[in-house]
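Because the structure is a prediction, the values reported are computed rather than measured. First the proteins, then the strands, lettered A, B, ... as listed; each starts at 1.
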2 protein chains.
Amino acid sequence: MRGEAVKVTVDVVIFSIRDGALQVLLVRRRYEPFAGAWAIPGGFVLPDEDLEQAALRELREETGVEHVYLEQLYSFGDPKRDPRGRVITVAYFALVSADRALQAGTDAADARWFAMSELPELAFDHGRILEYSLERLRNKLEYTSVGFQLLPEKFTLSELQQVYEVILGKRLDKRNFRRKIALLKVVAPLREFRRQGVSRPARLFRFTAARFEKLKDKGILFPF
Amino acid sequence: MRGEAVKVTVDVVIFSIRDGALQVLLVRRRYEPFAGAWAIPGGFVLPDEDLEQAALRELREETGVEHVYLEQLYSFGDPKRDPRGRVITVAYFALVSADRALQAGTDAADARWFAMSELPELAFDHGRILEYSLERLRNKLEYTSVGFQLLPEKFTLSELQQVYEVILGKRLDKRNFRRKIALLKVVAPLREFRRQGVSRPARLFRFTAARFEKLKDKGILFPF
DNA sequence: ACAAAAGTGTTCGATATACACCCATGT
DNA sequence: ACATGGGTGTATATCGAACACTTTTGT
């Protein structure tokens with residue numbers, strides 16, 4: 001078997017909705033190249049590891065979370081993308097609800113959440129990877145139900161609407177939004193309410209589709 | 001820089017519409033493993049080559065064609081997918097119009113077109129790769145204009161409809177199809193006609209969108 | 001004259017969009 | 001009483017789906 005060996009990493013773009021904005025978890029690089037710059041968490045693929053396993057491992061190491069939405073994004077292989085030599089990276093993106101993501105980036109000064117609208121200088125081609133991740137997330141939001149992956153198990157309809165507004169970057173009409181969600185039959189009302197401070201308590205809902213992927217097969221869309 | 005090096009290949013799923021069916025170009029393996037089985041054309045990524053360059057090179061070597069639609073599909077990295085050792089493959093898919101694809105698979109007994117409905121035994125995980133390619137092609141067909149990539153420069157509306165019917169695996173209504181195409185303003189009528197044998201000659205059209213990707217940005221869809 | 005594919009409109013139901021007011025609660 | 005976010009319905013436009021006959025050509 002001929003062919004030159006190259007190094008392969010996985011990078012995991014971890015999204016969460018925090019403080020009313022779409023945020024991404026980045027780690028600060030300690031060593032050259034790009035020492036001090038921020039980077040997407042990632043690492044080398046181990047010899048006996050599937051790519052998705054490697055991505056799950058990185059995700060666990062970085063945030064402690066498991067069983068979250070994870071999807072392969074794209075592979076980046078420009079021979080000059082790493083100044084040290086040939087490194088191909090397989091990028092993944094993960095969606096983590098804010099309640100589960102609390103643990104991440106709290107203990108160390110070298111991991112932090114950044115709003116996608118206020119990104120720092122990034123190492124390697126990580127700017128491009130984030131750009132592409134956002135594009136993919138926006139597309140997926142419209143024809144799948146991945147949006148629910150960014151919410152805790154119980155959520156209000158206003159929170160759900162906020163997920164769509166923050167990611168798509170536009171305001172949606174509350175009445176139209178709620179009618180569509182009701183029509184799709186993907187949420188069930190609970191007998192619980194949440195007080196958001198000073199105003200009327202909001203009813204909580206839960207996501208009812210057993211598997212989000214199934215929706216597409218049924219032709220169900222979220223066309224906002 | 002730690003991390004074990006692995007071998008990386010690109011595999012290129014080459015689609016074309018031939019004899020009224022969606023067909024794929026496969027090559028027969030001469031050596032073990034899977035000697036005699038059919039495989040997706042591909043090869044190792046060279047040390048100074050971008051992934052897309054590698055895919056374009058494989059495409060050129062296999063079919064002689066250039067400037068065709070090429071898109072990265074997915075990366076497959078199961079540690080056991082190649083019995084010889086760790087090989088990660090980055091799969092691409094290409095769309096080639098029948099008139100340009102004539103050269104491919106004609107000179108050698110070791111390259112042949114197969115209808116997607118009559119696939120032979122496949123090497124490695126190539127069955128899965130083809131399955132995923134078809135799924136992706138079907139999806140793309142509905143929200144982009146990749147369909148035109150499978151046609152020659154000049155085509156009849158019946159030929160265009162056939163592309164959609166063959167890939168989606170269902171009949172479409174001629175009147176609805178033509179109304180939608182006209183509405184999208186992506187084809188222009190020519191002053192030429194083609195005689196298909198015994199019946200009334202069909203008007204030829206050409207694709208007018210400068211770049212097919214732009215369509216999505218404009219919200220233009222092909223929702224058949 | 002007939003076989004074969006090309007070409008052409010209308011109706012109906014579903015879905016998207018635009019739009020404004022009352023409700024429950026805490027202070 | 002008022003400030004805050006929660007909750008609800010209707011009218012119109014647009015789009016997708018169903019459906020059948022006439023036209024042009026070669027034999």
Chemist: Do the side chain of Lys180(B) and the base of dG16(D) come within less than 3.5 angstrom through a donor-acceptor pair of N or O atoms?
Modeler: no
Chemist: Between dT8(D) atom P and Arg175(A) atom CZ, what is the distance in whole Å?
Modeler: 12 Å
Chemist: Report the residue (Ser199(B) or Leu157(A)) whose heavy-atom-nearest nucleotide on DNA chain D is the more 5′ of the two.
Modeler: Leu157(A)
Chemist: Within the side chain of Arg136(B), is there an N or O that forms a donor-acceptor pair under 3.5 Å with the backbone of Leu73(B)?
Modeler: yes
Chemist: Find the distance Arg178(A):CZ to dG5(D):P and express it as a whole number of Å.
Modeler: 14 Å
Chemist: Mark yes or no for a side-chain to base donor-acceptor pair under 3.5 Å between Arg195(B) and dT24(D), with no hydrogen or angle criteria applied.
Modeler: no
Chemist: May I ask you to say what Arg203(A) touches in the nucleic acid, namely base, sugar-phosphate or nothing, with a heavy-atom cut-off under 4.0 Å?
Modeler: sugar-phosphate
Chemist: Taking 4.0 angstrom as the limit, do Glu61(A) and Arg57(A) come out as a salt bridge?
Modeler: yes
Chemist: Please report the distance, rounded to the nearest Å, between CZ in Phe177(B) and P in dT8(C).
Modeler: 14 Å
Chemist: Is Ser158(B) touching bases, backbone alone, or none of the nucleic acid, heavy atoms closer than 4.0 Å?
Modeler: sugar-phosphate
Chemist: Might you confirm whether atom CZ of Arg195(A) has over 12 heavy atoms from other residues, nucleotides or ligands at distances under 6.0 Å?
Modeler: no
Chemist: Return whichever of Asp173(B) or Pro201(B) has its heavy-atom-nearest nucleotide of DNA chain C closer to the 5' end.
Modeler: Pro201(B)
Chemist: Is a salt bridge present between Glu153(A) and Arg206(A), judged by a nitrogen-to-oxygen distance below 4.0 Å?
Modeler: no
Chemist: Rounded to the Å, how far apart are Glu142(B) CD and dG16(D) P?
Modeler: 12 Å
Chemist: Write down the distance between CG (Asn176(B)) and C1' (dC12(C)), rounded to a whole number of angstrom.
Modeler: 13 Å
